[in-house]
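Quick note on labels: first sequence line is chain A, next is B, and so on, each numbered from 1.
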Amino acid sequence: MRKTKTRGGAQGRAVHDVGGLDFGAIDRTEHDLALWEKRVDAMMILLYSKKGLWTVDAMRRTIEDYGEQTYDKTEYYEKWMRAMRNLLVEQEVLGKSEIEAKMAEVAERHRKAGRKVPSHKVAWA
Amino acid sequence: MTHTHPHTHGHGDHGHDHDHDHNEPHPPQRDHDAGPMGVYEVMEEAVRLLLLEKGVLTDAEIATQIDLMDSRSPALGAKVVARAWADAAFKQRLLADCRTALAELQIDIGQIAEFKVVENTPQTHNVIVCTLCSCYPKLLLGIPPAWYKSLGYRSRTVVDPRGVLAEFGVKIPKSQEVRVHDSTADLRYIVLPMRPKGTERMSEPQLAALVSRDAMIGTALPSVPRKT
């Protein structure tokens with residue numbers, strides 16, 4: 001069932017429906033994509049267009065189902081990454097617990113190597 | 001910051017080391033193994049490792065897809081614009097049926113979305129946006145700039161296009177109407193700018209060099225050639 005969140009103060013609009021609202025000045029700074037962002041883009045396209053695991057519409061639905069606070073505070077490829085994770089579970093390609101376990105393993109490896117790694121989790125819903 | 005490669009997340013899995021755009025005036029990307037790691041970066045690595053372990057994807061497929069993304073740039077869009085400027089019959093076909101006209105140039109737009117070319121004229125200036133997400137003709141323009149995907153650009157362009165354009169340094173005279181095209185997942189727009197005066201004797205590659213990415217978004221005008 002569709003659970004699209006609505007945006008507070010904007011007459012029942014879904015969170016992504018921002019046309020005509022006012023989010024202030026446009027930051028025109030440009031930057032190249034980081035390698036992890038390119039990988040997210042590449043994997044997402046491969047999983048839907050080459051592997052046929054879901055459609056672009058399903059990807060949009062998972063992004064649009066984000067709550068307002070999180071939608072506004074996450075970057076573009078962060079939204080894509082969360083959508084990919086959730087769709088892989090929805091399509092039963094991966095399980096929630098194996099993703100959580102692998103994330104803990106990856107985080108621990110990077111921590112040991114001296115990088116700062118956050119310990120918070122990204123909510124599933 | 002010391003640069004170390006203490007883990008398995010190096011360059012080996014995509015076989016090249018040229019993620020930096022050497023000719024672009026952008027700051028270099030943050031080194032992916034130097035600073036603090038974001039939780040989504042951890043998620044990317046974990047999900048990728050699981051997909052590789054299960055054989056859903058291979059390193060080679062990911063590398064090829066990244067190379068394809070890196071190969072797409074506004075140069076292709078500029079080439080199409082230059083052809084339209086140089087060949088009026090092609091321009092008419094491009095405006096009428098973008099998919100078929102691009103196929104003449106061996107450009108296959110694929111099955112994901114349709115493209116529509118909107119032409120700037122002395123009466124009309126066009127600008128593209130995607131209020132709902134970030135739909136963009138990546139095939140012709142490469143990866144969109146961050147500002148195209150920003151809430152500021154997405155929210156304001158449809159109600160105050162002249163104000164937004166002024167922030168980009170583009171002043172549209174009152175006599176010219178501004179049309180905003182709100183892209184969707186299924187229909188992406190690209191602007192055909194007006195050919196600048198004084199370019200009558202230029203070749204297509206010379207014309208293409210006048211056409212920036214932003215001119216095809218509508219947030220810039222083509223460069224005017226210097227008088228010689």
Side-chain angles (χ1 to χ4, degrees), chain A residues 16-36 38-43 45-47 49-51 56-57 60 63-64 72 74-78 81-82 84-85 88 93-94 98-99 102-103 105-107 109-110 112-118 120-122, chain B residues 4 6-8 11 19-21 24 26-30 32-33 35-51 54 56-57 61-63 65-66 69-70 110 112 129 131-134 143 145-147 149-159 164 167-168 182 185:
Chain A
H16 65 290
D17 184 8
V18 300
L21 304 178
D22 187 354
F23 284 87
I26 300 161
D27 178 357
R28 292 171 55 204
T29 317
E30 303 210 9
H31 57 87
D32 292 337
L33 294 186
L35 181 56
W36 78 269
K38 289 189 179 191
R39 284 176 169 146
V40 171
D41 193 299
M43 289 194 289
I45 289 169
L46 288 168
L47 292 170
S49 76
K50 295 262 163 58
K51 310 292 170 181
V56 178
D57 308 286
R60 286 185 48 212
I63 290 174
E64 293 161 9
D72 290 2
T74 48
E75 291 178 10
Y76 186 72
Y77 282 107
E78 294 177 342
M81 188 59 234
R82 175 185 168 279
M84 192 194 311
R85 179 197 67 169
L88 284 166
V93 178
L94 300 178
E98 69 180 329
I99 294 174
K102 188 61 101 178
M103 282 183 70
E105 187 188 310
V106 168
R109 176 156 41 78
H110 286 286
K112 278 189 180 157
R115 283 187 84 182
K116 273 195 183 142
V117 185
H120 68 275
K121 288 186 176 178
V122 175
Chain B
T4 52
H7 53 74
T8 60
H11 293 288
D19 295 307
H20 315 269
D21 247 307
E24 291 294 314
H26 304 158
Q29 71 180 60
R30 187 167 56 85
H32 66 282
D33 358 82
M37 208 170 175
V39 68
Y40 290 90
E41 201 177 342
V42 174
M43 193 187 292
E44 181 278 316
E45 187 171 333
V47 166
R48 174 165 43 88
L49 292 175
L50 288 169
L51 293 174
K54 289 172 189 279
V56 178
L57 294 177
E61 285 175 311
I62 298 171
Q65 185 63 34
I66 290 177
M69 180 189 334
D70 285 343
I112 301 283
V129 64
T131 61
L132 295 176
C133 43
S134 57
I143 291 284
W147 56 258
K149 304 181 283 189
S150 71
L151 290 169
Y153 185 78
R154 287 167 50 191
S155 64
R156 290 174 45 223
T157 304
V158 283
V159 280
V164 168
E167 282 177 44
F168 282 80
D182 192 0

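A salt bridge links A:Arg109 with B:Glu45; the closest basic N to acidic carboxylate O contact falls under 4.0 Å. A salt bridge is defined here as a Lys NZ or Arg NE, NH1 or NH2 lying under 4.0 Å from an Asp or Glu carboxylate O, and B:Glu44 with A:Arg82 fails to meet this definition.
Contact check for B:Trp147 versus A:Thr29: no side-chain heavy atoms found under the 4.5 Å cut-off. Between B:Leu57 and A:Lys51, the closest side-chain pair of non-hydrogen atoms falls below 4.5 Å. Contact annotation: the side chain of A:His110 never approaches that of B:Val42 to less than 4.5 Å [non-hydrogen atoms, C-beta and beyond]. The side-chain heavy atoms of B:Glu41 and A:Tyr77, taken from C-beta on, include no pair separated by under 4.5 Å. Under the 4.5 Å side-chain criterion, counting only non-hydrogen atoms from C-beta, B:Leu132 is in contact with A:Arg60. By the 4.5 Å heavy-atom criterion applied to side chains, B:Tyr40 and A:Trp36 are counted as neighbours. In this structure, A:Lys121 and B:Val39 have side chains that are not in contact, with every pair of non-hydrogen atoms separated by 4.5 Å or more.
Contacts of B:Val56 with chain A are made by both backbone and side-chain atoms, with heavy-atom separations under 4.5 Å. Interface remark: A:Ile99 contributes backbone and side-chain atoms alike to the contact with chain B (heavy atom separation under 4.5 Å). Using a 4.5 Å cut-off between heavy atoms, A:Glu105 makes no contact with chain B at all. Residue contact with chain B, scored on non-hydrogen atoms closer than 4.5 Å, involves the backbone and the side chain of A:Val117 alike. Using a 4.5 Å cut-off between heavy atoms, B:Met43 touches chain A through backbone and side chain atoms alike. Neither the backbone nor the side chain of A:Lys112 comes within contact range of chain B; no heavy atoms are under 4.5 Å apart. A:Asp22 touches chain B through backbone and side chain together, each having a heavy atom under 4.5 Å away. Within the 4.5 angstrom heavy-atom criterion, no atom of A:Ile63 approaches chain B. With a 4.5 angstrom heavy-atom cutoff, B:Ile143 touches chain A only via side-chain atoms.
Listed options B:Val158, B:Thr157, B:Leu151 were ranked by heavy-atom pairs under 4.5 angstrom with chain A; first place goes to B:Leu151. Most heavy-atom pairs under 4.5 Å with chain B: of the set A:Asp27, A:Asp17, A:Val40, A:Val122, this distinction falls to A:Val122. In terms of heavy-atom pairs under 4.5 Å with chain A, the best-connected choice from B:Gly110, B:Ala185, B:Ala46 is B:Ala46. Your options are A:Ser49, A:Ala107, A:Ala42, and the one with the most heavy-atom pairs under 4.5 Å with chain B is A:Ala42. Among A:Met81, A:Arg85, A:Met84, A:Glu75, the residue making the largest number of heavy-atom pairs under 4.5 Å with chain B is A:Met81. Of the listed residues (A:His120, A:Lys116, A:Lys102), the one with the most heavy-atom contacts under 4.5 Å to chain B is A:Lys102.
Residue B:Ser150 holds its OG atom at 12.5 Å from OH of A:Tyr76, rounded to the nearest 0.5 Å. Atom CD of B:Glu61 and atom CE of A:Met43 lie 12.0 Å apart (nearest 0.5 Å). Between the CG atom of A:Leu33 and the CD1 atom of B:Ile66 there is a distance of 10.0 Å, given to the nearest 0.5 Å.
Annotation for A:Glu98: atom CD counts as buried by contact number, over 12 foreign heavy atoms lying within 6.0 Å.
Looking only at distances, a side-chain donor or acceptor of B:Ser155 sits under 3.5 Å from a matching main-chain atom of A:Phe23. For B:Arg154 (side chain) and A:His16 (main-chain N/O), a donor-acceptor pair under 3.5 Å exists by modelled atom type.
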Original post:
Where do B:Lys54 and A:Leu94 land on the side-chain contact (heavy atoms from CB on, under 4.5 Å) test, with the steps shown first?
Top reply: CA-CA 9 Å; B:Lys54 289 172 189 279; A:Leu94 300 178; 3.4 Å; yes
Original post:
Which is it for B:Phe168 and A:Arg28 under the side-chain contact (heavy atoms from CB on, under 4.5 Å) test, yes or no, and what are the steps along the way?
Top reply: CA-CA 9 Å; B:Phe168 282 80; A:Arg28 292 171 55 204; 3.4 Å; yes
Subject >> B:Leu51 and A:Leu47: CA distance, side-chain angles, deciding distance, side-chain contact (heavy atoms from CB on, under 4.5 Å) verdict >> reply: CA-CA 10 Å; B:Leu51 293 174; A:Leu47 292 170; 4.0 Å; yes
**OP:** Check the pair B:Asp70, A:Lys38 against side-chain contact (heavy atoms from CB on, under 4.5 Å), reporting the backbone distance first and the verdict last.
**Re:** CA-CA 9 Å; B:Asp70 285 343; A:Lys38 289 189 179 191; 2.7 Å; yes
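Nearest heavy atom pair, residue A:Pro118 against residue B:Gly38, reads CG-C, 4.0 Å. Here the closest heavy-atom approach between residue A:His31 and residue B:Ala146 is recorded as NE2-CB, 3.9 Å.
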